[in-house]
Amino acid sequence: LGMFSELKFPVPWGHVAAKAWGTPEGHPVLCLHGWLDNANTFDKLIPLLPRDCYYVAMDFSGHGLSSHRPAGSPYHFLDYVSDVRRVAADIVQCSAFPFLSYCFISPQFSFLYPEMVDKLILLENLGFLLASEDTEAWLKSKRMVIDRLLSLEAKQQTPKARSPEAALQRLLEANRHLTAEGGAILLQRGATETPAG
């Protein structure tokens with residue numbers, strides 16, 4: 001397990017990088033580094049672990065060899081949970097997998113997606129606590145945000161070209177409170193004219 005391979009997972013702003021030890025046929029273990037670290041955190045540990053697993057240590061966005069988010073974009077903890085969800089969807093062929101983690105992103109992920117987590121191995125952690133009255137609402141809202149984001153990214157397609165009249169009609173259908181005059185004013189700045197429409 002001393003040898004590793006480099007992986008790249010595409011994201012809208014570039015890629016999330018990862019190091020992988022073992023073969024993809026092994027049981028996947030997702031490894032998460034700590035605050036302001038990178039995947040090299042696991043260089044000395046992984047060779048000491050069982051050899052029948054496929055260890056994937058990802059670099060969070062803006063860390064290690066992963067792409068930075070666009071300039072001016074904040075790095076919120078929930079964004080890191082979204083990064084993990086993207087990578088997990090690509091590497092996990094089974095229904096659930098273990099985490100080997102130095103950070104509190106893995107407990108958040110485990111809370112939001114318990115069906116995807118087999119074991120949670122925390123090497124160091126501050127924990128993740130919510131007041132019991134907030135738990136259900138937090139879980140529902142945060143999971144919905146991540147799932148919608150990933151769904152939109154998966155459906156990303158070239159914008160459709162429409163005639164100015166059809167674009168106005170579409171805008172008015174989606175925004176019933178707008179008048180035709182108000183919609184036309186918004187389209188002057190909110191649409192781009194191309195040769196196709």
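Along the sequence shown, the residues carry numbers beginning at 1.
In this structure, Leu123 CG and Leu45 CG are separated by 6.5 Å, a value rounded to the nearest 0.5 Å. Within the model, atoms CG of Asp90 and CZ of Arg85 stand 10.0 Å from one another, a figure rounded to the nearest 0.5 Å. Atom CG of Leu172 is separated from atom CG of Leu186 by 9.5 Å, given to the nearest 0.5 angstrom. Between the CG atom of Leu78 and the CG atom of Leu112 there is a distance of 7.0 Å, given to the nearest 0.5 Å. In this structure, Lys19 NZ and Asp43 CG are separated by 3.0 Å, a value rounded to the nearest 0.5 Å. To the nearest 0.5 Å, atoms OG1 (Thr41) and CG (Leu32) are separated by 10.5 Å.
Checking side-chain atoms of Ser66 against main-chain N and O of Asp59 turns up a donor-acceptor pair under 3.5 Å. A donor-acceptor pair under 3.5 Å is formed between the side chain of Asn175 and the backbone N or O of Leu171.
Geometric assessment of Arg86 against the ring of Phe9 yields a negative cation-pi assignment under the 6.0 Å and 45° thresholds.
Under the 4.5 Å side-chain heavy-atom criterion for Ile, Leu, Val, Met, Phe, Trp and Tyr, Tyr102 and Trp21 are members of the same hydrophobic cluster. By the criterion of side-chain heavy atoms lying less than 4.5 angstrom apart, applied directly or through intervening Ile, Leu, Val, Met, Phe, Trp or Tyr residues, Phe77 is not grouped with Met144; the two fall into different hydrophobic clusters. Note: the hydrophobic cluster containing Ile46 also contains Ile121 (ILVMFWY, side chain heavy atoms under 4.5 Å, direct or indirect links). Tracing side-chain contacts under 4.5 Å through hydrophobic residues (I, L, V, M, F, W, Y), one reaches Leu120 starting from Val56; they form part of the same cluster. By the criterion of side-chain heavy atoms lying less than 4.5 angstrom apart, applied directly or through intervening Ile, Leu, Val, Met, Phe, Trp or Tyr residues, Leu7 is grouped together with Val11 in one hydrophobic cluster.
Across all their heavy atoms, Leu187 and Pro164 have their closest contact at CD1-O, 4.4 Å. Here the shortest heavy-atom pairing between Leu168 and Ala184 reads CD1-N, 3.5 Å. Scanning all heavy atoms of the two residues, the minimum distance from Ile146 to Ser82 falls at CG1-OG, 3.4 Å. Nearest approach of Cys103 to Gly34, heavy atoms of both residues: CB-CA, 4.1 Å. Scanning both residues, Met116 and Ala88, for their nearest heavy atoms gives CE-CB, 3.9 Å. The shortest non-hydrogen separation linking Pro114 to Phe111 is CD-O, 3.6 Å.
Within a 6.0 Å radius of CD in Glu6, more than 12 heavy atoms belonging to other residues, nucleotides or ligands are found. At most 12 non-hydrogen atoms from other residues, nucleotides or ligands lie less than 6.0 angstrom from CD of Glu181.
Qualifying side-chain hydrogen bond (donor to acceptor under 3.5 Å, both in side chains) partners for Glu173, counting only residues two or more places apart in sequence or in other chains: Gln169.
The aromatic rings of His33 and Phe60 sit perpendicular to each other, their planes meeting at more than 60°, with 30° as the lower class boundary. In this pair, His63 and Tyr80 present their aromatic rings perpendicular. The plane angle is above 60°, beyond the 30 to 60° band.
Two residues are said to be in side-chain contact when any heavy atoms from C-beta on lie closer than 4.5 Å; Gln108 and Val84 fail this criterion.
In this structure, the ring of Phe97 has its center less than 6.0 angstrom from the ring center of Phe99. In this structure, the ring of Phe42 has its center no less than 6.0 angstrom from the ring center of Tyr55.
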